[in-house]
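Before any comments, here is the structure.
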Amino acid sequence: MPELPEVETIVRDLRLIVPQRTIKAVRVLRPNVVQGTEETFISTLIGKTFRSISRRGKNIVSHMSHDYVLVINLGMTGRLALDTDNSALTHPAVQFQLDRGRPLVYDDIRRFGKLRLFKEPDWESQSDRLGPEPLSPDYTYTDLYEKLASSSSPVRSWLLNQKNLAGVGNIYANEALHLAGVHPRRPSNNLTEPESKLLHQSLKTILYSAIENRGTTLRNYRDTSGLRGRNKPNLKVYGRHEQACFSCKSLVERIVFSNRSAFFCPDCQR
DNA sequence: AGTGTATCCTGCAGGC
DNA sequence: TGCCTGCAGGATACAC
């Protein structure tokens, strides 16, 4: 569910809520969303204070006191929110009682999400296994072009692999490829340098505009206040199977490979 | 190295 | 109304 723009939106919300708050109690209602034993997870977090919140790819990274890092991957349906009386948190999995205010709740319908605890250096080495951040100023089209050149896998699959690029998921991979005019099945090492440059720029454009719109809600995604993202009307191909391309009026096609749907315009994307 | 398949889960839409 | 199938923003492990 949540890709880079959705996670970025949640991270920005959390920065207004949790820093300098201390965890007083933890309730694990669904042990399988927590890595390691429930007991260790709880005892490690009690008494720790949130210092800062950042994002790495699709991960919410909470830097805690005593050099601990709580890393949350939302999977398909994970949510974080402060519990409220009329809460739409239907599948609470973990509750954090803070030193003041309402509990912070991790809610996850399908429970594909994961909450992991690291010591700072261990998280650093874990983070190093992820690809570059597409929105980082020092991520250049040359980086993209050279890395694409070493892979023969379809470019849509390449973009989804978090070791190649961190944070891009199926919606924005398809949207960026459409904006760049590149067919999702093109072998990565088949892209020319100009095409790589266009794809690099398209990724930034698509991701920035999705962040401005606070993410895309197709079904389950909500921000920490329970509000939907507003980016869905901007989608040009994702989910638009058999509808007319806005650029050329051809019908958007849906194909499946690597077990995921790919949407593209057969005329705009060769 | 890459791909297809299965797995972890629940919920919803569509067909009958 | 109910039952069945397919599908969903992710990540990973496996066989080939």
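Just so it is clear: chains get the letters A, B, ... in the order the sequence lines come, proteins before strands, and each one is counted from 1. For clarity, every value in this text was computed on a predicted model and none was experimentally measured.
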Nearest atoms (heavy-atom pairs only) where A/V33 meets A/A93:
CG2-CB, 3.9 Å
Which part of the nucleic acid, if any, lies within contact of A/T217, taking any heavy atom under 4.0 Å across all strands shown: a base, the sugar-phosphate backbone alone, or nothing?
base
Testing B/dG11, B/dG4, C/dA11 for proximity to the side chain of A/R219, the answer is B/dG11
Taking the nucleotide of DNA chain B with the nearest heavy atom to each, does A/I109 or A/S153 sit closer to the 5' end?
A/S153
Taking atom P in both C/dG6 and B/dA6, compute the distance separating them and give it to the nearest angstrom.
12 Å
Does A/R56 use its side chain to pair, donor to acceptor, with the backbone of A/I60 at less than 3.5 Å?
no
May I ask you to check if A/R79 and A/Y106 form a cation-pi contact, with NZ or CZ under 6.0 angstrom from the six-membered ring centre and within 45° of the axis?
no
If I pick the C1' atom on C/dG9 and the same atom on B/dG2, what distance separates them, to the nearest angstrom?
24 Å
Distance check: side-chain N/O of A/T77 vs OP1/OP2 of C/dG9, anything under 4.0 Å?
no
From the options C/dC7, C/dA11, B/dG2, select the nucleotide whose nearest atom is closest to the side chain of A/K58.
C/dA11
Is A/Y221 stacked on the base of C/dG9, meaning ring centres closer than 5.5 Å and planes within 30 degrees of each other?
no
Taking 4.0 Å as the cut-off, does a side-chain nitrogen or oxygen of A/R110 come that near to OP1 or OP2 on C/dA8?
no
If you draw the axis of the six-membered ring of A/Y68, does the NZ or CZ of A/K119 fall within 45° of it and under 6.0 Å from the ring centre?
yes
Report the relative orientation of the aromatic rings in A/Y139 and A/H200; use parallel for angles under 30°, tilted for 30 to 60°, perpendicular for over 60°.
tilted
What's the closest nucleotide to the A/L218 side chain, out of C/dG9, B/dG2, B/dC9?
C/dG9
Does A/Y238 put a side-chain nitrogen or oxygen below 4.0 Å from OP1 or OP2 of C/dG9?
yes
Can you confirm if the aromatic rings of A/H178 and A/F264 lie within a centre distance of less than 6.0 Å?
no
Paired with B/dC9 by Watson-Crick or G-U wobble geometry, both distances under 3.5 Å: which nucleotide is it?
none
Given atom CG of A/L207 and atom P of C/dG9, what is their separation to the nearest angstrom?
16 Å
For A/R260 and C/dG9, is the shortest distance between a side-chain N/O and OP1 or OP2 below 4.0 Å?
yes
Using a 4.0 Å heavy-atom cut-off, does A/N259 contact any base of the nucleic acid, only the sugar-phosphate backbone, or nothing at all?
base
Name the closest nucleotide to the A/E3 side chain, picking from C/dG9, B/dC9, B/dG2.
C/dG9
Taking any heavy-atom pair under 4.0 Å as a contact, classify A/E6: base, sugar-phosphate, or nothing.
nothing
Separation of atom NZ in A/K163 from atom C1' in B/dG2, rounded to whole Å
13 Å
Counter-base of C/dG9, judged by Watson-Crick or G-U geometry with both distances under 3.5 Å:
none
Touch class at under 4.0 angstrom, heavy-atom based, for A/T216 against every strand present:
base
Remember a base hit wins even if backbone is also touched, and classify A/N73 as base, sugar-phosphate or nothing at under 4.0 Å, heavy atoms.
sugar-phosphate
Whether A/K114 contacts B/dC8 is assessed here as follows: a side-chain N or O lying under 4.0 Å from the phosphate OP1 or OP2. Is that the case?
no
5' precedence on DNA chain B between A/S157 and A/H91 (nearest-nucleotide basis):
A/S157
A/N32 side chain N/O closer than 4.0 Å to the phosphate oxygens (OP1, OP2) of B/dC9?
yes
